[in-house]
Every structure is written in C-alpha cells, then in structure tokens.
**Student:** 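Can you read through this structure? Questions will come right after.
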Amino acid sequence: MLKESTLLAAKAAYDIEAACIQEMKEYFDDAAFSKAVSLLCEAPRIGAAGCGHSGIICMHFAHLMCCIERPAKFISPAEAVHGGTGYLQEGDVMIFASRGGSTKELFPIADICRAKGVRIITITENLESPLAKLADVVLKQHVNRETDKHNMQGTTSSTALCMLFHALQAAVIEETDYQSEQFALIHPGGAVGERLNHKSL
C-alpha cells in the first residue's frame, strides 16, 4: 500500500487543477477572446508553437483545429528557423504558448511572422512579456500552482493551456456553424466515427 502522504498528494492534484479551471473564468477577457476566435475563423492556415509541455499541448490544439477543418500545424521551434515557417503566409495566424512569455526560442518565429504579415495570438500569464507585446491578441493563462509538492512540473499549467484551447475550439465550432456531418466525413475511424457515420446513414 502506498504511503498516506502519497495518496493525499495524488488526490490533492484533482483539487488543485479543478480550482485552477474555476479561477480561470475570472480572467476571461471577452474582447480579446472574441478577436482571437475571429482571427482563427478567418485564417487560411493556423500555426502553433511552444516549448516543453506548452509545445505538446500546441500539438493537441493543431489536431483539434484540423478536426474541424481549419488547416493547422504544430511548428517546432527548432524547425521553424530552418524553413518550417514557410508553411505560414500573409493572413495566417500563429499561436505562441509561453507561460512566462519570454521563451527565447519563439522570438525568431515571432519576427518572421511580423515580417510575413502573419497575425499573432500569444497565450501567457505575463501580459507585459515580450511575446505578449509582439502579439495582435493576448489571452491570459492563469495558473494557481503545479500539482507536485515542489511546484515545478508543467501539470496544472498544461491543463490551463489545454482549457484555453478547448474554449477556442468550442467557440470556432459555434462561429463557423461546423456540423457533425462534416466531422463524420473526415473522421470515419474509431468509436466516434462509427457513431457519427451510423447516425448520418
């Protein structure tokens, strides 16, 4: 059996992350969020970049957008400065995820985006950070604390970022009136595809 403190730490993780999501609504900026959604709806292509845990959640977001037929791609910070930003063209949108807003690997990508006429959405806790100041829209990421006792692993911060991306996806679906029949066509695989395609027959 695990130590009592171990079980308490595991159960506390639920409370920490649940509290974070509830607190995030207090920082919801209607105007900034609306502008971000409009940019995503209008963009021919969407890029997303971050490092570490933020990068992993950006991959998830790119997939979410593809699943509602908004062409999107995670652009690795390493590959971006070796031609990867060729994916982006004028009028596209690039999302940067950086909790502190000072991830140095993202600065060159931001410079390329500005030079190419690519709009920038930055998600960060620090609204006065360099990446925030380079953005057309800034969305506030709120994190109460990470779930581990040392407050060091990207746990709650990943959940907070994921929550923002899920809110953006829900809003884009609403604004574009995306239908389940469209999703069924491009998602025939798995239990979801089977359910949707059976329903559409």
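All values below were derived from every heavy atom in this structure, side-chain atoms included, with hydrogens, water molecules and symmetry-related copies excluded. Everything numeric here is computed off the predicted structure, so don't read it as measured data.
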**Student:** Quick one: do His53 and Gln153 satisfy side-chain contact (heavy atoms from CB on, under 4.5 Å)? Show the steps, please.
**Tutor:** CA-CA 9 Å; His53 288 92; Gln153 279 274 33; 3.7 Å; yes
**Student:** Out of curiosity, does Leu131 fall in the hydrophobic cluster containing Ile112 (side-chain heavy atoms, cut-off under 4.5 Å, transitive links)?
**Tutor:** no
**Student:** Check the surroundings of atom CZ in Arg45: do more than 12 heavy atoms from other residues, nucleotides or ligands lie under 6.0 Å from it?
**Tutor:** yes
**Student:** With sequence neighbours excluded, what pairs up with Ala97 under the side chain to side chain contact (heavy atoms under 4.5 Å, CB included) test?
**Tutor:** Ser54, Cys58, Leu161
**Student:** Taking the side chain as C-beta and beyond, is there a heavy-atom pair between Arg119 and Lys35 under 4.5 Å?
**Tutor:** yes
**Student:** Do Ile123 and Ile46 share a hydrophobic cluster (ILVMFWY, side-chain heavy atoms under 4.5 Å, transitive)?
**Tutor:** yes
**Student:** Can you find a pair of side-chain heavy atoms, one from Cys67 and one from Tyr178, that are under 4.5 Å apart?
**Tutor:** no
**Student:** Among all residues two or more places apart in sequence or in another chain, which pass the side chain to side chain contact (heavy atoms under 4.5 Å, CB included) test with His142?
**Tutor:** Cys20, Glu23, Met24, Tyr27, Asn144
**Student:** Quick check against the 3.5 Å criterion: does Gln141 have a side-chain atom that pairs as donor or acceptor with the backbone of Leu139?
**Tutor:** no
**Student:** Kindly say whether Ala80 contributes a backbone atom to a donor-acceptor pair with the side chain of Thr85 at under 3.5 angstrom?
**Tutor:** yes
**Student:** Would a single hydrophobic cluster contain both Ile57 and Ile75, if residues Ile, Leu, Val, Met, Phe, Trp and Tyr are joined by side-chain heavy-atom contacts under 4.5 Å?
**Tutor:** no
**Student:** Val81: which other cluster members, linking ILVMFWY side chains closer than 4.5 Å, directly or transitively?
**Tutor:** none
**Student:** Check the pair Arg70 / Leu64 against side-chain contact (heavy atoms from CB on, under 4.5 Å), numbers first and verdict last.
**Tutor:** CA-CA 9 Å; Arg70 312 303 307 172; Leu64 283 177; over 6 Å; no
**Student:** Strictly distance-based, threshold 3.5 Å: is any side-chain N or O of Gln89 a donor or acceptor partner for the main-chain N or O of Gly86?
**Tutor:** yes
**Student:** Going by atom types only, do Ser157 and Glu146 share a side-chain donor-acceptor pair under 3.5 Å?
**Tutor:** yes
**Student:** Can you name the nearest heavy-atom pair linking Leu88 to Gly47, along with the distance?
**Tutor:** CD2-N, 4.0 Å
**Student:** Taking the side chain as every heavy atom from C-beta outward, state whether Ile68 and Gln169 have any pair of such atoms under 4.5 Å apart.
**Tutor:** yes
**Student:** Would you say the side chain of Cys162 lies within less than 4.5 Å of the side chain of His60, judging by non-hydrogen atoms?
**Tutor:** yes
**Student:** Should Phe33 and Phe96 be counted in the same cluster of Ile, Leu, Val, Met, Phe, Trp and Tyr side chains packed under 4.5 Å apart?
**Tutor:** no
**Student:** Determine the minimum heavy-atom distance between Phe74 and Gly55, stating which atoms define it.
**Tutor:** CE1-O, 3.5 Å
**Student:** In terms of relative ring orientation, are Phe61 and Phe165 parallel, tilted or perpendicular, with 30° and 60° separating the classes?
**Tutor:** parallel
**Student:** Taking the side chain as every heavy atom from C-beta outward, state whether Pro77 and Leu106 have any pair of such atoms under 4.5 Å apart.
**Tutor:** yes
**Student:** Report yes if some heavy atom in the side chain of Ile109 is under 4.5 Å from a heavy atom in the side chain of Met94; otherwise report no.
**Tutor:** yes
**Student:** Please say yes or no: joined through hydrophobic side-chain contacts below 4.5 Å, possibly via intermediate residues, are Leu39 and Ile95 part of one cluster?
**Tutor:** yes
**Student:** Run the side-chain contact (heavy atoms from CB on, under 4.5 Å) test on Met1 and Leu7 for me, step by step, so that the C-alpha distance in whole Å, both residues' side-chain angles and the decisive distance to 0.1 Å come before the verdict.
**Tutor:** CA-CA 10 Å; Met1 187 66 175; Leu7 292 171; 3.7 Å; yes
**Student:** Can you check whether Leu168 reaches Ile121 side chain to side chain, under 4.5 Å on heavy atoms?
**Tutor:** no
**Student:** If you define the side chain from C-beta out and look only at heavy atoms, does anything of Val37 sit under 4.5 Å from Val172?
**Tutor:** yes
